[in-house]
Amino acid sequence: MVAALVLATGALPAPEPPAVEPGPPPPLELQRLTIPGLAASARVSEARAIEALPVPLTVITPPVEAGEVLLAEDRTGLTLAAFEAEQREARAQVELPDARAPQALPKFFRYEISAGDTISAIAQRFGVGSDFIIWNNIHVVDDADLLTIGDVLRVPSIEGILHDVRFGQTLTEIADIYEADVQDIIDFPANAITDPNTLTEGDTLLVVGGERIPPPWQSSIVIVAREESSTGFIWPVVDLITSYFGPTHPLGIDINAPYVPVAASQSGQVVFAGGDACCSYGLYVDIVHAGGYETRYGHFSEIYVSIGETVAQGQIIGVSGNTGRSTGPHVHFEIRRNGYVVNPLRFLP
């Protein structure tokens with residue numbers, strides 16, 4: 001059989017290789033992680049975050065009987081009813097601001113006169129006496145029965161007198177002018193007085209409870225006739241000039257006046273009458289006039305007019321003297337125009 005096979009093929013069959021004992025598998029070196037569906041040549045990035053897909057949750061509600069649901073609804077209704085009843089019966093103590101409480105009030109209100117207005121009606125509207133409307137608007141109200149539509153009034157928030165502080169004035173002096181109490185002026189919040197010994201010239205104070213007190217000499221007003229200049233002024237006293245307007249005396253002129261009557265240089269309204277006999281102008285008077293003019297008369301020994309009073313040209317407003325910073329009895333006389341000091345000699349005859 002073997003011989004026949006050799007003859008048929010012409011060659012002997014190759015001998016089988018010897019059996020080899022299987023050894024341990026060679027170590028594998030992982031050069032790159034291959035993910036199915038990702039090309040082996042694709043670059044693999046280092047993992048920096050792990051994201052989890054949302055997992056659907058299944059909420060299982062325990063069985064509830066219908067009676068329990070109805071009972072829960074009833075309890076909710078009872079709770080709401082009890083809460084509403086508690087709200088209705090509550091008595092909260094809330095302090096609402098009083099429109100007329102002193103701490104909520106300004107010193108005064110501005111009121112524009114309209115058709116049909118009367119002093120008494122305006123006073124009633126603001127809760128003050130009619131006199132306080134008139135006293136605080138002397139320069140506006142000439143006749144209490146005749147008001148001008150469009151005029152603006154200053155109405156004090158409570159009964160009192162609005163006073164514009166002048167140079168050198170003290171609270172005591174201001175209170176005395178209107179027969180008021182100093183402490184009432186200090187206690188009124190809108191006055192904002194932090195130091196009763198220091199007042200600012202030009203500030204407006206509400207003199208609480210103050211009244212316009214007519215001077216006792218009003219019934220015997222004396223008016224002198226003197227030559228009037230083209231600008232409408234007369235000499236307050238007729239005597240020698242002791243100090244002229246200039247660099248060494250830049251506010252006005254000094255006129256020799258040994259305790260003689262002093263006349264208003266032009267008609268107008270007194271905006272200040274007082275001062276301090278020890279210092280500066282001493283006792284003095286300021287009068288405002290038409291056309292933006294204002295005059296000042298200093299160093300009085302006596303003053304015959306009061307703040308708010310209307311005076312005529314030539315009316316005696318006081319007696320000259322030696323009060324304040326003075327070297328002898330004289331009148332210091334100033335004229336201001338629109339707030340600026342001018343040389344009085346340019347306006348006197």
Side-chain angles (χ1 to χ4, degrees), residues 138-139 161-182 185-186 191 193 195-207 210-218 236-237 239 242-243 245 249-266 268-289 293-311 315-336 339 341 344:
I138 294 177
H139 59 295
I161 303 297
L162 294 165
H163 176 84
D164 297 323
V165 179
R166 310 296 287 189
F167 177 80
Q169 276 193 311
T170 65
L171 273 180
T172 301
E173 179 184 348
I174 294 171
D176 287 345
I177 292 172
Y178 306 106
E179 294 188 356
D181 186 87
V182 171
I185 302 173
I186 296 173
N191 284 332
I193 298 175
D195 183 359
N197 297 314
T198 303
L199 300 180
T200 302
E201 183 179 6
D203 279 357
T204 298
L205 298 178
L206 178 57
V207 183
E211 298 181 355
R212 292 283 185 191
I213 310 300
W217 47 81
Q218 255 188 343
V237 293
D239 210 314
T242 56
S243 294
F245 180 86
H249 199 257
L251 296 178
I253 60 174
D254 287 343
I255 309 170
N256 183 55
Y259 299 97
V260 296
V262 179
S265 186
Q266 192 183 80
Q269 183 184 21
V270 178
V271 293
F272 179 79
D276 193 329
C278 78
C279 318
S280 190
Y281 292 101
L283 303 178
Y284 67 100
V285 172
D286 287 345
I287 303 174
V288 293
H289 314 278
Y293 290 98
E294 181 174 344
T295 54
R296 173 170 292 181
Y297 314 75
H299 309 299
F300 281 102
S301 60
E302 294 181 68
I303 295 176
Y304 290 169
V305 292
S306 60
I307 295 174
E309 182 181 345
T310 299
V311 297
Q315 180 176 331
I316 301 303
I317 59 176
V319 177
S320 63
N322 193 30
T323 58
R325 188 177 179 182
S326 173
T327 56
H330 71 284
V331 172
H332 173 84
F333 181 63
E334 297 179 11
I335 296 180
R336 285 179 170 82
V341 177

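- A donor-acceptor pair under 3.5 Å links the side-chain atoms of Thr323 to the main chain of Phe300, judged by distance alone.
- For Asp276, there are no side-chain hydrogen bond (donor to acceptor under 3.5 Å, both in side chains) partners two or more places apart in sequence or in a different chain.
- Considering all non-hydrogen atoms of both residues, Ala273 and Ile307 come closest at N-CG1, 3.6 Å.
- Distance CD1/Ile174 to CG/Leu205: 5.5 Å, rounded to 0.5 Å.
- Residues Ile287 and Ile317 form a side-chain contact, since some pair of their non-hydrogen atoms from C-beta on lies under 4.5 Å apart.
- At a threshold of 4.5 Å between non-hydrogen side-chain atoms, the residues Asp164 and Val271 do not count as touching.
- Residues satisfying the side-chain hydrogen bond (donor to acceptor under 3.5 Å, both in side chains) test with Glu334, not counting sequence neighbours, are Tyr281, His332, Arg336.
- Asn256 and Val237 get closest at one heavy-atom pair: O-CG2, 4.3 Å.
- Sorted by first then second residue, the salt bridge (charged side-chain N to carboxylate O under 4.0 Å, His left out) pairs that include residues 195-206, not counting sequence neighbours, number zero.
- Among residues at least two apart or in separate chains, salt bridge (charged side-chain N to carboxylate O under 4.0 Å, His left out) pairs with a member in residues 295-305 are Asp286-Arg296.
- Atom CD of Glu309 and atom CD of Gln269 lie 9.5 Å apart (nearest 0.5 Å).
- Side-chain atoms of Phe333 and Val262, non-hydrogen and from C-beta on, never get closer than 4.5 Å to each other.
- Contact between Thr310 and Gln315 at its shortest, heavy atoms only, is O-OE1, 4.3 Å.
- Closest non-hydrogen pair, Val207 versus Ala180, comes out as CG1-CB, 3.5 Å.
- No side-chain donor-acceptor contact under 3.5 Å links Ser243 to the backbone of Asp254.
- Within the model, atoms CD1 of Ile335 and CD1 of Ile253 stand 7.5 Å from one another, a figure rounded to the nearest 0.5 Å.
- In this structure, the side chains of Pro258 and Asp239 come closer than 4.5 Å at one or more pairs of heavy atoms.
- For Asn191, there are no side-chain hydrogen bond (donor to acceptor under 3.5 Å, both in side chains) partners two or more places apart in sequence or in a different chain.
- At least one donor-acceptor pair closer than 3.5 Å links the side chain of Ser326 to the backbone N or O of Gly328.
- For the 3.5 Å distance criterion, the side chains of Thr295 and Tyr297 qualify, holding a donor opposite an acceptor.
- Side chain of Glu173 to main chain of Gly275: a donor-acceptor pair is present (N/O by atom type, distance under 3.5 Å, no hydrogens or angles).
- Ser265 contributes no side-chain N or O that, together with a main-chain N or O of Pro236, makes up a donor-acceptor pair within less than 3.5 Å.
- Counting all heavy atoms, side chain and backbone alike, His330 lies closest to His299 at NE2-CD2, 3.2 Å.
- Shortest non-hydrogen contact noted between Tyr259 and Pro329 is CE1-CB, 3.7 Å.
- Here the CG atom belonging to Leu283 is positioned 11.0 Å from the CG atom belonging to Asn322, to the nearest 0.5 angstrom.
- Going from atom NE2 of His163 over to atom OH of Tyr178 covers 5.0 Å, rounded to the nearest 0.5 Å.
- In this view, Asp181 satisfies the side-chain hydrogen bond (donor to acceptor under 3.5 Å, both in side chains) rule with no residue, not counting sequence neighbours.
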**Asked** Would Leu171 and Ile193 satisfy side-chain contact (heavy atoms from CB on, under 4.5 Å), going step by step from the backbone distance to the final call?
**Response** CA-CA 10 Å; Leu171 273 180; Ile193 298 175; 4.1 Å; yes
